[in-house]
Amino acid sequence: MRLQNKTAIVTGAAQGFGLGIAETFAREGARVALLDLNGGAAAAAADKVGHGAIALGCDVSNGIEVDRAVGEAIRQLGHVDILVNNAGTSHRNKPMLDVTEEEFDRVFAVNVKSIYLMAKALVPHMRERGGGVILNIGSTAGIRPRPGLAWYNASKGAVNLVSKSMAVELAPDRIRVNALAPVAGETPLLATFMGEDTPEKRAAFRATIPWGRLSTPQDIANAALFLCSDEAEMITGAVLTVDGGRCI
Ligand SMILES: NC(=O)c1ccc[n+]([C@@H]2O[C@H](COP(=O)([O-])OP(=O)(O)OC[C@H]3O[C@@H](n4cnc5c(N)ncnc54)[C@H](O)[C@@H]3O)[C@@H](O)[C@H]2O)c1
């Protein structure tokens with residue numbers, strides 16, 4: 001078991017990549033707190049994840065809710081070793097000027113501001129404990145952007161970069177910070193990226209991936225498991241593409 005006796009917070013864990021990460025971490029011995037905007041779905045997911053997993057309803061773009069949820073996670077789990085900032089959202093695929101100011105603000109609040117809020121809430125705890133691991137879910141969108149997703153791409157560029165900034169600043173505290181950059185994946189968010197979920201759109205997306213398929217929650221969870229385990233003790237500031245060659 002590669003996460004024996006570890007505890008983890010995974011945000012956006014009610015479905016998609018976050019649920020895959022939570023399930024894999026629990027299978028490898030971790031106790032997991034699943035944070036999600038949808039508290040009911042998070043509770044059902046925590047039951048499925050098992051191994052003492054807990055669910056906490058939380059909007060990760062809201063500082064008060066983040067402080068409350070992180071405090072509750074520390075109280076219930078005893079301590080937190082690992083944070084996975086996975087919760088994310090996008091505007092629908094459309095021309096850049098058609099994205100409303102409200103949509104723009106939401107994308108940056110959920111994808112970028114949440115990392116700042118979670119760090120404010122949890123880094124002091126990790127410092128006190130002498131270390132920790134943070135994994136941010138960025139995207140290939142921040143490396144090799146697709147048309148129609150301009151502001152989402154920009155937010156993921158920020159996620160990829162802030163992971164390196166955090167890694168440098170937090171290394172003296174023995175806190176490792178890495179990012180994953182998944183390619184388009186089999187989750188409910190995919191339709192938003194494609195604009196519409198049709199066999200033709202899926203085939204067009206697949207055609208841009210040399211390995212010939214979309215990513216799955218298990219692909220992302222396998223990479224997350226490695227980066228959050230002690231096996232990756234010397235790895236910090238990495239942005240690991242999980243993309244079947246899309247960014248080459
Ligand atoms: N699916 C893809 O193609 C893909 C590709 C690259 C990167 N990503 C990134 O992976 C991460 C997970 O995406 P997914 O595809 O699993 O998405 P998803 O929409 O399937 O799941 C996201 C989860 O996050 C939760 N969430 C949304 N806003 C929240 C908020 N403000 N506070 C708390 N929880 C919130 C949702 O309720 C949902 O349970 C995101 O950061 C996304 O940008 C996805």
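Everything numeric here is computed off the predicted structure, so don't read it as measured data. Whatever order the structure lists ligands and atoms in, that order sets their numbers, starting from 1.
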J.: Quick one: look up the protein heavy atom nearest atom 13 (O) of ligand 1 and list residue, atom name and how far away it is.
T.: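 Nearest protein contact, heavy atoms only, for atom 13 (O) of ligand 1 is Leu189 CD2, 3.9 Å.
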
J.: Check each of Ile21, Asn38, Asp36, Leu37 against atom 37 (O) of ligand 1 and report the one with the nearest heavy atom.
T.: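 The option holding the nearest heavy atom is Asp36.
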
J.: Tell me the contacting part of Leu214 for ligand 1: side chain, backbone, both, or neither, using a 4.0 Å heavy-atom threshold, strictly below.
T.: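 For Leu214, there is no contact with ligand 1 at all, from either part.
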
J.: Side chains of Lys94 and Leu149, heavy atoms from C-beta outward: is any pair under 4.5 Å?
T.: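 No, too far: nothing below the 4.5 Å cut-off.
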
J.: Answer yes when Arg129 and Asp81 have at least one side-chain N-carboxylate O distance shorter than 4.0 Å, and no when they do not.
T.: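 Yes, charged N to carboxylate O under 4.0 Å.
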
J.: Within the structure, does Val110 bring an N/O atom to less than 3.5 angstrom of an N/O atom in ligand 1?
T.: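 No.
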
J.: Please report the shortest heavy-atom distance between Ala14 and Leu19, naming the atom on each side.
T.: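 What the structure gives for the nearest pair is O-CD2, 3.8 Å.
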
J.: Going by heavy-atom distance to atom 22 (C) of ligand 1, choose the closest among Gly88, Ala191, Gly16.
T.: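 Ranked by closest heavy atom to atom 22 (C) of ligand 1, first place is Gly88.
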
J.: So if I count the atoms of ligand 1 from 1 in the order they appear, which ones are less than 4.0 Å from some heavy atom of Pro188?
T.: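 Taking each heavy atom of Pro188 in turn, ligand 1 has 20 (O) under 4.0 Å.
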
J.: Under 4.0 Å between a Lys/Arg side-chain N and an Asp/Glu carboxylate O for Lys120 and Asp67?
T.: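 Looking at Lys120 and Asp67, the cut-off is not met.
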
J.: Does Val183 come within less than 4.0 angstrom of ligand 1, counting non-hydrogen atoms of the residue?
T.: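 Yes; Val183 lies near enough to ligand 1 that a heavy-atom distance drops under 4.0 Å.
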
J.: May I ask you to test the Ile54-Arg31 pair for a side-chain heavy-atom distance under 4.5 Å?
T.: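 Yes, their side chains come closer than 4.5 Å.
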
J.: List every atom of ligand 1 that sits less than 4.0 Å from any heavy atom of Ala184, numbering the atoms from 1 in the order shown and giving each element.
T.: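 Counting atoms of ligand 1 from 1, those under 4.0 Å from Ala184 are 3 (O).
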
J.: What I want to find out is whether Glu103 reaches Arg106 closely enough, with some N-O distance under 4.0 Å, to be called a salt bridge.
T.: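 No, this pair does not count.
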
J.: Considering only heavy atoms of Ala87, which atoms of ligand 1 have at least one such atom less than 4.0 Å away?
T.: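 What qualifies from ligand 1 is 34 (N), 35 (C), 41 (O).
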
J.: Return the residue, atom name and 0.1 Å-rounded distance of the protein heavy atom closest to atom 4 (C) of ligand 1.
T.: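 Closest protein heavy atom to atom 4 (C) of ligand 1: Phe17 CE1, 3.5 Å.
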
J.: State if Lys156 counts as touching ligand 1 under the rule of any non-hydrogen atom under 4.0 Å.
T.: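 Yes.
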
J.: Using the six-membered ring wherever Trp is involved, compare the ring planes of Phe193 and Tyr152 and label them parallel, tilted or perpendicular (cut-offs 30° and 60°).
T.: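 Plane angle between 30° and 60°, so tilted.
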
J.: Considering only the protein, which heavy-atom contact is closest to atom 12 (C) of ligand 1, and what is its distance?
T.: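 Going atom by atom, the protein heavy atom closest to atom 12 (C) of ligand 1 ends up being Asn86 OD1, 3.2 Å.
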
J.: Ignoring hydrogens and angles, state whether a donor on the side chain of Asn136 or Ser163 is under 3.5 Å from an acceptor on the partner side chain.
T.: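 Yes, side-chain donor-acceptor contact under 3.5 Å.
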
J.: By number and element, which atoms of ligand 1 are closer than 4.0 Å to a non-hydrogen atom of Arg106?
T.: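 What qualifies from ligand 1 is 31 (N).
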
J.: For the residue pair Arg146 and Phe205, would you count it as a cation-pi contact if the rule is NZ or CZ under 6.0 angstrom from the ring centre and within 45 degrees of the ring axis?
T.: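 The answer is yes, since Arg146 meets both limits relative to Phe205.
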
J.: Should Gly138 be listed as contacting ligand 1, given a heavy-atom distance under 4.0 Å as the test?
T.: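 It does; at least one heavy atom falls under 4.0 Å.
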
J.: Considering only non-hydrogen protein atoms, determine which one is nearest to atom 15 (O) of ligand 1 and report residue, atom name and distance to 0.1 Å.
T.: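 Going atom by atom, the protein heavy atom closest to atom 15 (O) of ligand 1 ends up being Thr187 OG1, 2.4 Å.
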
J.: May I ask you to check whether Gln218 and Thr24 show a side-chain donor-acceptor distance below 3.5 Å?
T.: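 A pair is found: one side chain offers a donor N or O, the other an acceptor, under 3.5 Å apart.
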
J.: Could you tell me whether the side chain of Arg92 and the main chain of Gly195 form a donor-acceptor pair under 3.5 Å?
T.: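 Pair found, side chain donor or acceptor close to backbone of Gly195.
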
J.: Whether Glu186 and Arg202 form a salt bridge (side-chain N of Lys/Arg under 4.0 Å from carboxylate O of Asp/Glu) is what I want to check.
T.: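 Yes, this pair counts.
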
J.: Which atoms from ligand 1 have a heavy atom of Asp59 less than 4.0 Å away?
T.: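 Under 4.0 Å from Asp59, ligand 1 has these atoms: 30 (C), 31 (N), 32 (N).
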
J.: Of the choices Ser61, Ala41, Gly12, which has the non-hydrogen atom that lies closest to atom 23 (C) of ligand 1?
T.: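 When every heavy atom of Ser61, Ala41, Gly12 is considered, Gly12 comes closest to atom 23 (C) of ligand 1.
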
J.: Closer than 4.0 angstrom, basic N to acidic O: yes or no for Arg213 and Asp219?
T.: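 A salt bridge links Arg213 with Asp219.
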
J.: Using a plain distance cutoff, I'd like to know if Val60 has any nitrogen or oxygen under 3.5 Å from a nitrogen or oxygen of ligand 1.
T.: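 It does: an N or O of Val60 is found under 3.5 Å from an N or O of ligand 1.
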
J.: Within ligand 1, which atoms have a heavy atom of Ser139 less than 4.0 Å away?
T.: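 Counting from 1, the qualifying ligand atoms are 6 (C), 7 (C).
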
J.: Could you tell me whether a side-chain N or O of Asn86 sits under 3.5 Å from a main-chain N or O of Ile137, the two making a donor and an acceptor?
T.: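 It does not hold such a pair.
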
J.: Nearest protein heavy atom to atom 20 (O) of ligand 1, by residue and atom, and its distance?
T.: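 Minimum-distance protein heavy atom for atom 20 (O) of ligand 1 reads Gln15 NE2, 3.0 Å.
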
J.: Which residue owns the protein heavy atom closest to atom 43 (O) of ligand 1, what's the atom, and how far is it?
T.: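 I find the closest protein heavy atom is Tyr152 OH, 2.7 Å.
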
J.: Compute the minimum heavy-atom distance from Met194 to ligand 1 and say whether it is under 4.0 Å.
T.: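 No, Met194 has no heavy atoms under 4.0 Å from ligand 1.
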
J.: Any atom of ligand 1 sitting under 4.0 Å from a heavy atom of Thr89?
T.: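 Contact absent.
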
J.: Where on Cys58 is there a heavy atom closer than 4.0 Å to ligand 1, on the side chain, on the backbone, on both, or on neither?
T.: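 Answer for Cys58: backbone.
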
J.: Which atoms of ligand 1 have any heavy atom of Gly185 under 4.0 Å away?
T.: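 Answer, ordered by atom number: 1 (N), 2 (C), 3 (O).
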
J.: Step through the shown structure and confirm whether more than 12 heavy atoms of other residues, nucleotides or ligands are within 6.0 Å of CD on Glu233.
T.: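 Atom CD in Glu233 is not crowded, with 12 or fewer foreign heavy atoms closer than 6.0 Å.
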
